[in-house]
Amino acid sequence: MPANKKYLTTSPWQRFAKITAGILGGYLVSMSFHMALTSWISATNIIITSAFTGFILWAALMVVAFIAKNGWKIWGIYILITLLFSSILYLGTLYNPLV
């Protein structure tokens, strides 16, 4: 059964924003989350489990990007979350150095 046309995104820019936010933005958020965890928790355990949880989180963030009405807002949210996790990573390496 084909999709109802009124629910599909008509703008090519919105479609581009949703696709790139789902693929690239979701990957950036999931990997920055796991890297932030490695700076505070045992890196060996996080690296082993990130093979599974990273993919699950990435897939969930892809679904969220396609459900959203505005792809550019999702990009903004994903960038802010990535910056938040990156700052947590920076603080973690500052207070808990691996060396």
Side-chain angles (χ1 to χ4, degrees):
M1 188 159 125
N4 194 346
K5 298 282 187 195
K6 69 179 179 179
Y7 296 117
L8 297 177
T9 303
T10 56
S11 170
W13 288 109
Q14 282 297 318
R15 193 175 316 138
F16 174 76
K18 287 181 181 182
I19 291 170
T20 56
I23 295 171
L24 295 175
Y27 181 76
L28 289 173
V29 170
S30 64
M31 287 301 114
S32 65
F33 171 70
H34 285 93
M35 286 173 39
L37 282 179
T38 58
S39 66
W40 291 96
I41 303 173
S42 173
T44 308
N45 295 336
I46 298 298
I47 290 171
I48 291 170
T49 59
S50 71
F52 303 106
T53 58
F55 180 73
I56 293 169
L57 182 61
W58 184 35
L61 290 169
M62 267 199 243
V63 170
V64 169
F66 284 108
I67 289 175
K69 293 220 179 243
N70 192 345
W72 300 114
K73 285 184 183 178
I74 290 297
W75 256 119
I77 292 170
Y78 283 178
I79 288 172
L80 287 175
I81 293 172
T82 302
L83 290 174
L84 173 73
F85 289 146
S86 298
S87 63
I88 292 172
L89 171 66
Y90 174 73
L91 292 174
T93 55
L94 193 66
Y95 292 119
N96 302 322
L98 293 176
V99 178

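This chain uses plain numbering: 1 for the first residue, then up along the sequence.
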Distance-minimising heavy-atom pair for [X] and [Y]:
| X | Y | result |
| --- | --- | --- |
| Trp40 | Asn96 | CE3-ND2, 3.1 Å |
| Ser50 | His34 | CB-CD2, 3.4 Å |
| Gln14 | Gly71 | OE1-N, 2.7 Å |

Quick one: pull up [atom1] in [X] and [atom2] in [Y] and give me the separation to the nearest 0.5 Å.
| X | Y | atom1 | atom2 | answer |
| --- | --- | --- | --- | --- |
| Met35 | Ile47 | CE | CD1 | 10.5 Å |
| Thr38 | Asn45 | OG1 | CG | 11.5 Å |
| Thr20 | Arg15 | OG1 | CZ | 12.5 Å |
| Ser39 | Ile46 | OG | CD1 | 9.5 Å |

Do you reckon [X] sits in the same ILVMFWY cluster as [Y], going by side-chain contacts under 4.5 Å, direct or chained?
| X | Y | result |
| --- | --- | --- |
| Ile74 | Leu28 | no |
| Leu89 | Tyr27 | no |
| Phe33 | Ile48 | no |
| Leu91 | Val29 | yes |

Answer yes or no: is there a side-chain heavy-atom contact under 4.5 Å between Leu37 and Phe85?
no
For residues 56-68, which side-chain donor-acceptor pairs fall under 3.5 Å, sequence neighbours excluded?
residue: Trp58; atom: NE1; partner: Ile23; partner atom: O; Å: 2.9

With no hydrogens and no angle check, is any side-chain donor or acceptor of Trp72 less than 3.5 Å from a backbone partner on Lys18?
no
With sequence neighbours left out, the residues meeting side-chain contact (heavy atoms from CB on, under 4.5 Å) with Ile79 are Trp75, Leu83
